[in-house]
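Computed from a predicted model, the values in this text were never measured in an experiment.
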Amino acid sequence: MKKLGLLVCLTLGMTTVAFAKGDPEAGKAKSLTCSACHGADGNSVIPMNPKIAGQHEGYLVKQLTEYRLASRTGGKQGRNNAVMNGMAAGLSDQDIDDLAAYFSSQDQKAGETPEDVIEAGQALYRGGNAEKGITSCISCHGPNGKGMGLAGFPVISGQHADYISSQLKMFRSGTRANDHNGMMRDIAMKLSDDDIEVLSKYVGGLY
């Protein structure tokens, strides 16, 4: 089952990711407005704002491009977010490539996992839940949560629990719908609030 899930993830994901051609130094110069929410180096200290330091370059390009698309379509397409739509609205393709190159080149600061969720989090992350039809997270995000850059699956290790929780709930409700072929929505709709809490806290210290 795990091998099949990994094969599906690779097959579906690798067809959609384009290689970014950004300049990290140019991206650093353009990143000032990003720093208020994400930190100067992409290590946000605000729990609801994601760490983007060390995130896969292609994934960052995809998200910024889709925020921009949402800003131009009134949220009907792309990834809709009231703050990020406005931030991405005026970005050129080169701006997006440069910002992605900069933040992906930064080192993410380590997070941690509370001891009381380690056992349950590890079981769900690694094995999923066959009874509920939940695919293991490890299939696409890897054993250490580093994802797969070429397949378009993001780094989730070290991420803020509040942010992970909010995104899983948005996938579950369909509020966020920019996942390839609805993969995350299919998984998230089977997660309970307790499942989401455990996973969100568990991945913070997964390395």
Side-chain angles (χ1 to χ4, degrees), residues 27 30-57 59-71 74-75 77-91 96 99-100 102-104 106-118 120-121 124-125 137 140-141 144-147 152-179 183-185 187-189 191-207:
K30 298 173 181 179
S31 69
L32 181 61
T33 55
C34 309
S35 63
C37 293
H38 296 288
D41 62 351
N43 280 290
S44 168
V45 295
I46 303 171
M48 280 301 294
N49 295 337
K51 296 178 184 179
I52 55 177
Q55 185 57 265
H56 298 302
E57 189 171 355
Y59 182 80
L60 292 175
V61 169
K62 180 179 187 292
Q63 302 311 307
L64 286 172
T65 300
E66 292 182 353
Y67 282 131
R68 185 179 64 184
L69 176 61
S71 76
Q77 298 179 53
R79 181 178 177 182
N80 194 31
N81 178 279
V83 175
M84 285 303 303
N85 290 4
M87 298 299 291
L91 297 177
I96 288 175
L99 287 168
Y102 170 64
F103 284 115
S104 66
Q106 302 305 296
D107 293 327
Q108 185 200 71
K109 293 181 179 177
E112 58 183 22
T113 297
E115 289 188 11
D116 62 338
V117 303
I118 292 177
L124 189 54
Y125 184 90
C137 308
C140 293
H141 295 287
N144 57 3
K146 296 301 183 182
F153 303 124
V155 176
I156 57 174
S157 63
Q159 191 57 265
H160 295 303
D162 287 359
Y163 176 74
I164 293 290
S165 176
S166 71
Q167 297 308 298
L168 287 174
K169 289 177 180 178
M170 288 174 70
F171 278 128
R172 185 175 64 182
S173 68
T175 306
R176 179 175 173 183
N178 72 326
D179 51 324
M183 292 170 64
M184 280 304 306
R185 280 170 284 171
I187 294 170
M189 70 173 55
L191 297 173
S192 67
D193 286 346
D194 286 342
D195 292 334
I196 288 176
E197 181 178 7
V198 166
L199 283 173
S200 299
K201 292 179 177 179
Y202 176 70
V203 300
L206 183 62
Y207 292 96

If the condition is ring pair (Phe, Tyr, Trp, His ring centres under 6.0 Å), which residues does Tyr125 pass it with, not counting sequence neighbours? Tyr202
Would a distance-only check, ignoring hydrogens and angles, find a side-chain to backbone donor-acceptor pair under 3.5 Å from Gln55 to Val155? yes
For Ile196 and Ser165 the tightest heavy-atom approach is CG2-OG, 3.6 Å
So, taking the atom named OG in Ser44 and the one named CD in Gln108, what distance separates them when rounded to the nearest 0.5 Å? 11.0 Å
Rounding to 0.5 Å, atoms NE2 (His160) and OG (Ser166) come to a distance of 11.0 Å
Look at the side chain of Arg68 and the backbone N and O of Leu91, then say whether any donor-acceptor pair between them is shorter than 3.5 Å. yes
Between Ser35 (side chain) and Ala40 (backbone), is there a donor-acceptor pair under 3.5 Å? no
Between Ile52 and Leu60, does a side-chain contact (heavy atoms from CB on, under 4.5 Å) hold up when you go through it step by step? CA-CA 8 Å; Ile52 55 177; Leu60 292 175; 4.1 Å; yes
Can you name the closest pair of heavy atoms from Val203 and Ile156 and give their distance? CG2-O, 3.7 Å
Any side-chain heavy-atom pair of Cys140 and Met183 under 4.5 Å: yes
Taking every heavy atom of Tyr102 against every heavy atom of Ser31, the minimum-distance pair comes out as CE2-OG, 3.7 Å
Minimum heavy-atom distance Leu69-Gly78, with the two atoms named: CD2-N, 3.7 Å
Is a donor on one side and an acceptor on the other found under 3.5 Å between the side chain of Tyr207 and the backbone of Gly111? yes
Closest heavy-atom pair, Gly27 versus Leu99, reported as atoms and distance to 0.1 Å, is O-CD2, 3.5 Å
Looking at Asp107, is its backbone amide N or carbonyl O close enough to the side chain of Asn43 to form a donor-acceptor pair, meaning the two atoms are under 3.5 Å apart? yes
Straight-line distance of Asp195 CG to Leu124 CG, nearest 0.5 Å: 5.5 Å
Heavy-atom side-chain contact between Ser157 and Asn144 under 4.5 Å: no
Roughly how far, to the nearest 0.5 Å, is the CD atom of Glu66 from the CG atom of Asn85? 11.5 Å
One should read off an interatomic distance between Met184 CE and Leu168 CG, to the nearest 0.5 angstrom, of 5.0 Å
For Met84 and His38, which heavy atoms make the closest approach, and how far apart are they? SD-NE2, 4.3 Å
Drop me the distance from Phe103's CZ to Cys34's SG, to the nearest 0.5 angstrom. 4.5 Å
Quick one: does Arg172's side chain get under 4.5 Å of Asp193's, heavy atoms only? yes
Measure from the side-chain N and O atoms of His56 to the backbone N and O of Ser104, and report whether any donor-acceptor pair falls under 3.5 Å. no
Under the criterion side-chain hydrogen bond (donor to acceptor under 3.5 Å, both in side chains), which of Asn178, Thr175, Asp179 is the partner of Arg185? Asp179
Start with the C-alpha gap between Lys109 and Asp41, add the side-chain angles, then the distance that decides, and say whether side-chain contact (heavy atoms from CB on, under 4.5 Å) holds. CA-CA 10 Å; Lys109 293 181 179 177; Asp41 62 351; 4.2 Å; yes
Taking Lys51 for the side chain and Gly158 for the main chain, is one N or O donor matched with an acceptor at less than 3.5 Å? yes
